[in-house]
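For this chain, numbers begin at 1 and follow the sequence in order. Start at 1 and go down the list; that is how both ligands and their atoms are numbered.
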Amino acid sequence: MPSIRFQVLEVIRDAYPETFEGLSPSKPLGEVVFSGRTPHPNEVLNLFVQQELTSALPMAYYMATRRGPNSLMDGSLPRNATLSPEILRSTFRGLMALREMELNGTHRLIFGPKPPCSVSNCPSRAPTGPAALEAYQMVFDRIVGSPQLGTKVLEVPEFYEDRGGDLQCVGAGICSKCVDGWESGHAELRKQAWATLPGVFGLKV
Ligand SMILES: [Zn+2]
């Protein structure tokens with residue numbers, strides 16, 4: 001029978017994957033895998049740092065950082081969920097780098113040069129026209145959210161919303177062919193962002 005330590009490490013490996021391939025959106029990730037009270041991501045990060053769980057650290061840093069500054073610096077947290085100045089510095093450095101990557105990458109993806117769409121009624125038939133730009137802005141705003149929220153750069157964005165039982169792109173009138181392109185482009189962005197995690201959080205690799 002495998003030891004408890006082994007079992008615990010297996011659970012952690014699943015929820016704090018070492019590779020991009022482990023980051024399946026259908027799988028529970030991060031602090032939700034712990035049974036009982038869900039710990040604050042800061043608490044998990046502190047624990048992994050203390051225990052030197054090196055392989056799980058990039059994801060643990062990301063999980064704490066993605067909630068943004070208020071969560072990282074929350075003064076009402078218990079001591080074990082309060083970050084040391086050194087860890088706090090790393091999380092902020094990482095947050096800024098990931099946020100910049102998210103904004104630039106998403107902007108390039110949505111507003112970047114593209115051939116005119118061939119689908120009738122799609123605003124992207126004229127990619128630099130006012131209808132297209134307005135629709136792109138709606139999509140961009142939806143994906144990147146507010147900086148106070150931290151970052152969503154590793155999350156699969158929702159390009160569609162339910163409008164009266166009909167799934168439509170959040171950018172008015174954008175066709176599914178255009179969304180397909182954005183979806184695969186964003187998958188690429190997530191992969192790049194993942195690869196930078198150890199670097200932006202100052203972890204030894
Ligand atoms: Zn289109």
Undergrad: I'd like to know if the side chain of Lys177 pairs up with that of Ser124 as donor and acceptor (distance under 3.5 Å, no hydrogens or angles considered).
TA: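 The answer is no; no qualifying pair exists.
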Undergrad: Can you tell me how the ring of Phe34 sits relative to the ring of Tyr16, calling it parallel under 30°, perpendicular over 60° and tilted otherwise?
TA: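 Geometry flag for Tyr16 against Phe34: tilted rings.
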Undergrad: Strictly under 2.8 Å of the Zn ion (ligand 1): which protein N/O/S atoms qualify?
TA: Cys117 SG, Cys122 SG, Cys175 SG, Cys178 SG
Undergrad: Taking all heavy atoms of His186 and all of Ile143, pick out the closest pair and write down the distance.
TA: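 Looks like NE2-CG2, 4.2 Å.
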Undergrad: Would you say the side chains of Gln50 and Asn46 form a donor-acceptor pair under 3.5 Å?
TA: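 No - no donor-acceptor pair under 3.5 Å links their side chains.
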Undergrad: Check for a donor-acceptor pair, side chain of Lys152 on one end and backbone N or O of Pro157 on the other, with a separation under 3.5 Å.
TA: no
Undergrad: So does Arg108 pair up with Glu188, basic N to acidic O under 4.0 Å?
TA: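 Salt bridge: no.
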